[in-house]
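Lettering follows sequence order; numbering is per chain, from 1. As a basis for the values below, the full set of heavy atoms in this structure was taken, side chains included, without hydrogen atoms, waters or symmetry mates.
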Protein chains: 2
Amino acid sequence: MTNKSAAQPRRRASRAGLPPRMAVAVDLVILTLREDTLCALAIERGIAPFRGRWALPGGFVRAGESLEAAALRELEEETGVDAARAGHIEQLATFGDPQRDPRERVVSVAYLAIVPDLPEPRAGGDARDARVLPVATLLSGKVPLAFDHARILDAGVERARAKLEYSSLATHFCAESFTIHALRRVYEAVWGAPLDGPNFHRKVLNTPGFVVETDQMSSGGSGRPARLYRRGGAIQLQPPLLRAEPRAP
Amino acid sequence: MTNKSAAQPRRRASRAGLPPRMAVAVDLVILTLREDTLCALAIERGIAPFRGRWALPGGFVRAGESLEAAALRELEEETGVDAARAGHIEQLATFGDPQRDPRERVVSVAYLAIVPDLPEPRAGGDARDARVLPVATLLSGKVPLAFDHARILDAGVERARAKLEYSSLATHFCAESFTIHALRRVYEAVWGAPLDGPNFHRKVLNTPGFVVETDQMSSGGSGRPARLYRRGGAIQLQPPLLRAEPRAP
DNA sequence: TCAAAAGTGTTAAATGTACACCCATGG
DNA sequence: CCATGGGTGTACATTTAACACTTTTGA
C-alpha cells in the first residue's frame with residue numbers, strides 16, 4: 001500500500017524482524033540547595049570520550065534491572081544516598097539522538113532526584129572528581145558539559161521549577177522538619193525571585209496537606225524562633241502556589 | 001535475582017564492562033475526538049505475543065533513527081498522517097520493566113500524539129485490525145490491553161488532561177479553524193465535566209495568544225453562526241484555564 | 001414563532017497583593 | 001534596646017462563578 005515494502009532492502013536485520021540492539025543508560029539530575037543556591041551534582045570524567053569534561057552522573061542499565069532500579073543504584077553509587085534518604089526521584093525524559101554518544105548508539109533515560117543536604121560527593125569509578133556545583137554555573141556555557149548533558153540538566157531544572165508550583169516537591173529539598181521560612185527560601189532559590197514572606201506563610205498553611213505542624217520550634221538563629229513543620233501527605237497542591245509575576249500597572 | 005540471570009550466563013559482556021544491548025521501541029498514544037468522546041487508536045495484534053489482544057501502535061527504533069523520527073514514522077505507517085498534519089506529538093515516558101515483553105528485554109519510549117479528525121485506520125503489517133476506540137472502553141479493563149499498554153495509555157490521557165489546563169494543547173484536537181464552542185467540547189470531553197459556556201468564551205478570548213480571530217463564521221449548524229478562530233502562537237497559557245471543581249458550600 | 005446556539009452583562013464571593021504592625025529572641 | 005526574623009491584620013484590586021439576558025440563525 002505504501003512504497004515501504006518496495007523501497008526497503010534496508011537493513012537485513014530489520015527485514016528479518018530482528019530489531020537493532022542498543023545500549024541503554026540512565027543519567028541523573030541530582031538537585032540540592034547549598035547556601036540558598038540551586039546546585040547539581042557533576043562528575044569530572046576520567047575516561048574518553050569527553051575526558052576531563054564535566055558530566056551528569058549516570059551509567060548503563062544492567063540486564064534484568066529496571067530503569068528505576070538503575071537510577072537508584074547510580075544515585076547511591078555516586079552520593080551514598082540510599083532510596084530511603086533520597087527526597088524524591090522521578091523519570092524526566094529519554095534522549096536517544098543517534099549521535100549523542102560518539103562511541104555507539106546509547107539511549108539515555110534521564111531521572112530527576114531531589115536530595116536534601118547532599119553530602120560532599122566522592123569521586124570514584126570513572127570519575128576524576130565529583131562536585132556539587134551551582135546550576136547557573138553548569139548552564140552558563142563556560143564549563144561545557146559532556147554529551148547532551150546540558151540539555152538534560154536544563155530539562156531537570158525546568159521540571160523542578162514547574163513542579164514547585166503545583167506539587168509538594170519543594171519540601172523534598174528540606175530536611176525532615178523545617179520552618180516555613182526555609183521552605184520559602186527553596187522557592188526563591190529555584191525560581192530565582194523573591195516572594196512576600198507573610199503571604200507565602202499563609203498560603204502554605206492554607207494549602208491542605210502541604211505541611212503539618214509539629215510541636216517543636218527552631219532554635220539558635222537570630223530573631224524569633226519559628227515553628228517547625230513536616231511534609232504533609234499531599235502530592236499535588238490545590239490551589240497551586242502561584243509563581244508571582246509582578247503585574248504591570 | 002530473577003530466574004532470568006540464572007537462565008542467561010549473565011552476558012559475559014557485562015562483566016567485561018560492556019553494557020548489555022536491548023531492543024528499543026516506540027509506542028504511540030494517538031488521541032482524537034469522535035463525536036465528543038475521547039478516543040485512541042488501537043491495534044489488534046495478529047502475531048504472538050498477545051495475539052488477538054488490543055495494543056497501542058508502535059514498533060522498533062531503527063539503527064541511526066532518532067526516537068522522534070521513529071515515532072513520526074510509526075504515526076504515518078499506522079494512520080497515514082504525516083508530521084505536518086499531526087496536530088502535536090511529544091515524548092511521554094519510557095517503560096523499561098525487564099519483564100514487560102515476554103520475548104526479550106524491550107525498552108519502550110512512549111509518545112503522545114494528538115490528531116484532529118483521525119482518518120479510519122488501515123490494518124496492516126502485524127495488525128489484524130485497527131480501530132479508533134473510546135479511551136473509556138480501552139481503560140475499563142473489559143478489553144485487556146497487551147504488554148503494559150494500559151499503563152502507557154493511562155499516562156497519555158493523564159498528560160493530555162493536565163496539559164489542557166496550562167497549554168494550548170486543546171486546539172490541536174480541532175481542525176485548522178474552529179469555533180469557541182468546539183474548543184469547549186474538547187475540554188469537556190477530555191476532562192469529562194461540563195464547563196460554563198459564557199465564562200469559557202471570555203476566558204479563552206482573554207488569554208493572550210490562545211486563539212486568533214478570523215473573518216469567517218461557521219455555517220450550517222442550528223443556531224446562531226459562530227465566529228471561527230485559529231490557533232494562536234501561545235504554547236503556555238497565562239493565566240491557565242482552570243479545571244472547575246464545584247466548590248463545597 | 002420556536003428551539004438552539006452565540007455572545008454580553010452583572011453581581012456576589014473568593015482570592016491575591018501589598019504592606020503596616022506587633023511578637024520573641026540574641027547580641 | 002535594637003536588629004532580625006516570625007507571624008497576624010487589613011484594605012484594596014482582581015478574578016471567578018453563576019446565571020439572566022439579548023442576538024441570530026434554521027426549522
Q: Could you check how far CE of M217(B) sits from P of dT24(D), rounded to whole Å?
A: 10 Å
Q. Of Y229(A) and P239(B), whose nearest nucleotide on DNA chain D comes first from the 5' end?
A. Y229(A)
Q) Donor-acceptor pair, R34(A) side chain versus C39(A) backbone, under 3.5 Å? A) no
Q) Quick one: N199(B) CG to dG7(C) C1', roughly how many Å, whole number? A) 12 Å
(Q) If the cut-off is 4.0 Å, is H181(A) near the phosphate of dG6(D), judged by side-chain N/O to OP1 or OP2? (A) yes
Q: Write down the distance between CG (N206(B)) and C1' (dT14(D)), rounded to a whole number of angstrom.
A: 13 Å
Q.
Going by salt bridge (charged side-chain N to carboxylate O under 4.0 Å, His left out), name the pairs with one or both residues in residues 167-188 of chain A, residues two or more places apart or in two chains.
A. D36(A)-R185(A), E176(A)-R230(A), R184(A)-E188(A)
**Q.** Separation of atom CG in L228(A) from atom P in dG6(D), rounded to whole Å
**A.** 11 Å
Q: State which of dT25(C), dA20(C), dG5(D) makes the closest approach to the side chain of R224(A).
A: dG5(D)
Q. Which whole-number value in Å describes the distance from K203(A) NZ to dG6(D) P?
A. 20 Å
Q. Between W191(B) and Y187(B), how do the two ring planes meet: parallel, tilted or perpendicular, split at 30° and 60°?
A. perpendicular
Q.
Let me spell it out: for each of P240(A) and T179(B), pick the nucleotide of DNA chain C with the closest heavy atom. Which residue's pick is nearer the 5' end?
A. T179(B)
Q) Atom CG of L205(A) and atom P of dG6(D): how far apart are they, to the nearest Å? A) 13 Å
Q.
Under 4.0 Å, counting only non-hydrogen atoms across every strand here, what does P225(B) touch: a base, just sugar-phosphate, or nothing?
A. sugar-phosphate
Q) Can you name the nearest heavy-atom pair linking Q91(A) to T94(B), along with the distance? A) NE2-N, 2.7 Å
Q | Value in whole Å for how far the P atom of dC19(C) lies from CG of L195(A) | A | 15 Å
Q) Which nucleotide, dT16(D), dC19(C), dT8(C), lies nearest any side-chain atom of D196(A)? A) dC19(C)
Q) If you check the H201(A) side chain, which of dT8(D), dT24(D), dG16(C) turns out closest? A) dT8(D)
**Q.** Interatomic distance where CG belongs to L241(B) and P belongs to dA17(D) [whole Å]
**A.** 10 Å
Q: Assess whether one donor atom and one acceptor atom, taken from the side chain of R202(B) and the base of dG9(C), lie less than 3.5 Å apart.
A: yes
Q: Locate the shortest heavy-atom distance separating L38(B) from L33(B); write the atom from each residue and the value.
A: CA-CD1, 4.0 Å
Q.
Nearest to the R227(A) side chain among dT25(D), dG7(D), dT8(C), which nucleotide is it?
A. dG7(D)
Q: Would you indicate which nucleotide in dC19(D), dT24(D), dG7(D) comes nearest to any side-chain atom of A226(A)?
A: dG7(D)
